Every structure is written in structure tokens, then in C-alpha cells.
Amino acid sequence: MSAAGLIVRVDATGDLTVKAGDHVRRGQRLSRNPEPHAQAKSPVAGVIKSVQFDPERHEFVIAIAPAE
Amino acid sequence: MTLLILTLAFVNLAPAVESASPRVDGNDLSFYQPPTTKGSYRLTSGKEVRNVILCIGDGMGLNQIALASITVAGPGGRLCIERLPVTGLVRTYSASSRVTDSAAAGTALACGVKTKNGMIGVTPDEKVYQTILEAAKARGMATGLVATSTITHATPASFASHVSSRATEAAIADQLIANRVNVLFGGGRKYFLPQSDPNSARKDDKDLIAEARQAGYTYLTSDSELRTVRGSHVLGLFQLDSLKTTAPEPSLASLTRKAIQLLTKAKSTGSDRRRGFFLMVEGSQIDWACHSNDAKREMRQMLLFDQAVQAAMDFALRDGHTLVIVTADHETGGLTLFEDTKTNTGPIAKWSTKGHTGSPVPIAAFGPGAAVFAGMQDNTDIPKKIARLLKITRFPRPVK
């Protein structure tokens with residue numbers, strides 16, 4: 001799949017709170033990381049375009065299409 | 001350590017990350033033949049432990065084993081792992097979280113101490129602790145690391161390097177060679193190439209492959225080279241990144257068999273008398289399949305790992321002085337199994353998370369000393385027990 005989007009990378013130890021197709025608000029939590037200081041938040045309002053796992057870096061790669 | 005990187009630019013997404021070559025069906029399980037015997041291997045007693053093979057299934061909880069086992073061997077069948085005679089459970093929490101990552105768990109399994117997620121071979125205050133591999137080497141034993149990830153990934157790295165961040169794989173590569181681990185088999189060639197090479201992931205001019213050769217390593221990259229290689233120090237890097245786990249690469253079982261063959265012939269350090277070996281074998285990509293909640297891929301990786309355990313067991317049964325331990329660093333995916341009542345066919349996998357869980361993981365053991373791994377234990381207990389069986393004193397201990 002190829003899609004334009006804003007990329008957020010987050011360590012894969014914790015669970016995600018979003019999936020592809022979800023609408024997110026700016027500042028909304030994207031993951032439920034066990035380390036509180038490292039919980040990922042969406043930098044923009046928009047739609048989650050895709051979520052992929054990057055095994056080399058052990059991270060989730062979350063693509064967000066910003067709202068118009 | 002959690003990394004959060006925001007790329008504030010619009011980019012095209014890369015294709016989904018694949019762990020298997022497109023040239024074969026990554027879900028095909030026909031390569032695996034389950035054991036024809038369901039009974040447990042016999043307990044061993046009264047013998048001295050000379051060799052230790054520690055097999056780690058990354059992300060392998062009880063249901064990761066059960067799903068593969070029920071699917072290929074039926075409800076009454078067994079994988080090789082399930083035939084080991086001593087079983088127990090392992091708590092896996094880290095110093096920073098009830099849910100560990102592979103770096104903190106690897107450090108617990110290697111050094112016998114808790115650390116924060118993301119840290120390798122050091123305590124949260126960055127004090128360096130000796131690993132069980134380093135302690136075995138200091139005792140004159142040959143040592144080896146085999147993985148289907150990059151050989152610099154968190155689990156193998158935990159046994160022969162000390163860094164505050166698992167992401168520093170080039171620095172880990174330096175330490176693996178400096179530590180003179182006899183056998184290093186895995187992926188991650190890009191961390192051994194100088195930055196002048198277009199395939200390099202290093203940010204310096206160090207040619208670690210050339211340095212390894214100068215230090216006495218035989219370097220190889222293919223299955224054909226693997227078949228004929230000899231030597232006391234062998235560096236096998238079969239991919240730039242992680243292994244594809246398909247032909248023409250050597251399988252994890254082949255790598256394990258070859259590592260054992262090389263280690264039994266490797267000269268000891270500092271003594272004329274050969275004093276056995278310590279080998280860590282990781283089925284790295286069970287975790288990756290579980291992060292994707294991909295049951296078929298999980299089973300395939302699980303069975304590839306089971307074949308490697310079988311290779312270890314084949315040697316241990318012949319040798320009589322080899323302790324084989326199989327465990328996991330953590331569980332991934334929160335996998336549970338349900339009956340499909342409509343079709344009455346195999347188990348249905350249900351996942352509760354895309355991440356890791358804090359569930360205890362299984363441990364199984366065979367060989368002299370195996371009984372000490374029965375029951376509930378902490379992951380930091382495992383290298384301490386190995387040290388006692390190898391008569392290694394003062395473990396765990398910080399390195400001055």
C-alpha cells in the first residue's frame with residue numbers, strides 16, 4: 001500500500017489505541033505504552049491511514065492523513 | 001526504551017514489512033514433520049553439565065506453542081519443545097514496567113539483573129554486568145549466538161554487549177566482535193559495513209568485517225559456505241537486515257547444528273583443555289508475527305524454532321553432558337485459543353493486543369541439571385541457575 005500521511009513511530013512493546021480508519025484528534029493517545037513518559041500522541045487531527053510493524057526497529061509505524 | 005519519532009513531513013509509506021521471501025508461501029507449514037513419539041524425553045541425573053544450549057522464542061507464550069502444536073500434530077500430538085521433561089513458568093517484568101521488552105528481558109536472561117526497557121547488559125544506573133556468555137567464556141568455554149533477526153538485535157545483543165539503548169546496533173556489532181564470541185550467525189550485515197558502502201547502516205568508516213577477519217574470524221554469507229566452513233571463530237551474516245527464513249538461506253535448525261559442530265571443535269580460551277560451550281539460539285520472528293496478529297506466520301516461525309530445538313536435542317541426546325533450556329523473553333499479542341464450534345476444525349486464534357503482555361512464559365529443560373528449572377521462577381533466576389550448574393562463582397556480578 002502507498003499513501004500520503006504523517007508518520008508517527010512508536011515502540012511496539014505497548015498496545016495501540018488506534019487502528020486504520022479511526023479518526024483522531026490532535027493530542028489523542030495512539031498507544032498504551034507501559035512507559036508513561038513515552039506514550040505517543042497524534043500531532044494532528046485526522047484519519048489513521050495505516051499501521052505497520054517495523055521489526056528491525058521494533059516499532060509501529062502509524063500513518064495519519066491530516067484533516068483538511 | 002521507547003522511541004517516539006515524529007516525522008513532520010509528508011512521505012510515501014513503504015510497503016508493509018515482510019518477514020518472509022515472496023518466492024515461497026510464508027504460511028506453508030508442510031516443511032515441518034511433528035515428532036512421531038508423544039512421550040517426554042527421559043530425565044538425566046548424575047552427570048556433569050559441560051555444554052549449555054539456551055533456546056529463546058521471542059514473544060513465545062504457552063498459546064504460541066499450543067497453536068502450532070495443535071495445528072500440525074493434533075490435540076494429542078507434541079512438538080519437540082513439548083517433549084522436554086522438565087517444565088516451569090517464568091515471570092518477565094522489567095525494572096521499568098510490568099510489561100518487558102526484549103532488551104530488558106534479554107538482560108535478565110543473560111546477566112541475572114533487572115533493567116529498564118530498551119537497555120542491554122546494564123542496570124538502570126548504567127552499571128555494566130557480566131553476561132552468562134561472558135562468564136562461560138572466562139571459564140574457558142566456547143560461545144555462540146544464533147538468531148533469525150539481525151545478530152545485533154536486542155536478544156542476541158544482550159548476551160555479549162552492554163549499551164544503554166537497543167537502537168545502537170552498530171555499537172553492538174563492535175562489541176560482539178570485540179567480545180570474540182566464537183560463532184555469530186544471523187542477519188544484520190549492514191551494521192558491519194563501513195558507511196562508504198551503499199548498504200551500510202553505520203555512521204563511521206569502520207569495516208567491521210575486515211576487522212573481524214584480522215581478528216581471526218572466518219566470514220561467510222551463504223548456505224553453501226556454511227556447509228564447509230571450519231574454524232574457531234566464524235561470523236555468518238546471511239542478510240543485510242534480518243533473515244528471510246526461507247531458502248536459499250540456511251534454516252535456523254541448520255545454523256544451530258553448524259554452530260554446535262563448530263563449538264565442539266573450537267579451541268578453548270586460555271587453556272589447552274576444552275571445557276564445553278555456551279550457545280544461545282533465538283527464534284526471533286515469532287514476536288514479529290505476533291505483533292502483526294498473524295497466526296499463520298506465528299505458527300511457521302514457531303515450527304522453525306522447534307526444528308532448531310530438535311537440532312539442539314539431537315546433539316544433547318548423543319552427548320549426555322548438554323543442558324538444553326527453552327524459554328521466552330515475553331509473550332506477544334495476548335494470544336488465546338478458541339474452538340471453532342461451527343466447523344469443528346482447528347483452534348481459532350484471538351489476539352488481545354498488538355504489543356507485549358506481562359503473562360508468565362514457559363520454560364522447559366532437558367539434560368543434567370534440568371530439574372532446577374521446574375516450577376515458578378523469575379527470569380533473572382535462569383542465568384544464575386546456569387552459572388551454578390557450570391560452577392561459575394560470583395554471578396551475577398558487575399564488570400569493573
Side-chain angles (χ1 to χ4, degrees), chain A, chain B residues 1-19 58 93-94 96-104 116-118 149-150 152-154 166-167 169 187-188 190 201 241-242 284-285 287-294 330 332-334 351-358:
Chain A
M1 187 189 95
S2 179
L6 186 70
I7 300 299
V8 178
R9 284 182 163 270
V10 58
D11 178 79
T13 303
D15 198 7
L16 294 171
T17 57
V18 294
K19 61 184 183 305
D22 284 356
H23 290 259
V24 291
R25 300 181 307 277
R26 184 178 179 195
Q28 181 177 331
R29 277 175 58 176
L30 302 175
S31 74
R32 201 176 286 120
N33 199 292
E35 310 251 9
H37 67 275
Q39 287 168 355
K41 293 180 179 177
S42 178
V44 294
V47 178
I48 304 294
K49 297 294 288 182
S50 66
V51 178
Q52 295 164 5
F53 175 64
D54 175 354
E56 295 291 334
R57 293 168 63 170
H58 197 261
E59 292 173 343
F60 292 117
V61 183
I62 303 169
I64 306 168
E68 294 286 326
Chain B
M1 185 175 298
T2 300
L3 291 175
L4 171 60
I5 302 169
L6 299 178
T7 306
L8 295 173
F10 291 89
V11 296
N12 284 328
L13 275 180
V17 180
E18 295 287 342
S19 69
D58 198 314
Y93 68 93
S94 72
S96 58
S97 172
R98 282 185 287 270
V99 179
T100 190
D101 78 337
S102 292
K116 288 182 182 176
N117 288 0
S149 60
T150 58
T152 49
H153 218 252
R166 62 183 286 174
E169 291 194 61
K190 64 185 180 181
D241 298 304
S242 58
S284 316
Q285 299 187 26
D287 174 69
W288 303 355
C290 294
H291 275 296
S292 299
N293 291 175
D294 185 334
H330 54 76
T332 304
W351 307 88
S352 62
T353 175
K354 292 269 187 183
H356 300 177
T357 71

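All values derive from a computational prediction rather than experimental measurement. Residue numbers begin at 1 in each chain, while the letters A, B, ... track the order of the sequences.
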Legend entry - Closest contact, heavy atoms only, A/E56 versus B/E169: O-OE2, 3.8 Å
Inset, instruction - Please determine, by modelled atom types, if B/D101 and A/T13 share a side-chain donor-acceptor pair under 3.5 angstrom. - result: no
Inset, instruction - Please look at B/T150 and chain A and tell me whether the side chain, the backbone, both or neither of the residue comes under 4.5 angstrom of a heavy atom of that chain. - result: side chain
Inset, instruction - Against chain A, label B/S284 side chain, backbone, both or neither, depending on which of its atoms sit under 4.5 Å from a heavy atom there. - result: neither
Inset, instruction - Under the side-chain hydrogen bond (donor to acceptor under 3.5 Å, both in side chains) rule, collect the residues that match up with B/T332, sequence neighbours excluded. - result: B/D287, B/H330
Inset, instruction - Heavy-atom distances under 4.5 Å only: say whether B/T100 touches chain A with side chain, backbone, both or neither. - result: backbone
Legend entry - Donor-acceptor side-chain pairing of A/H58 and B/H291 below 3.5 angstrom: yes
Legend entry - Contacts of type side-chain hydrogen bond (donor to acceptor under 3.5 Å, both in side chains), residue B/K354, not counting sequence neighbours: none
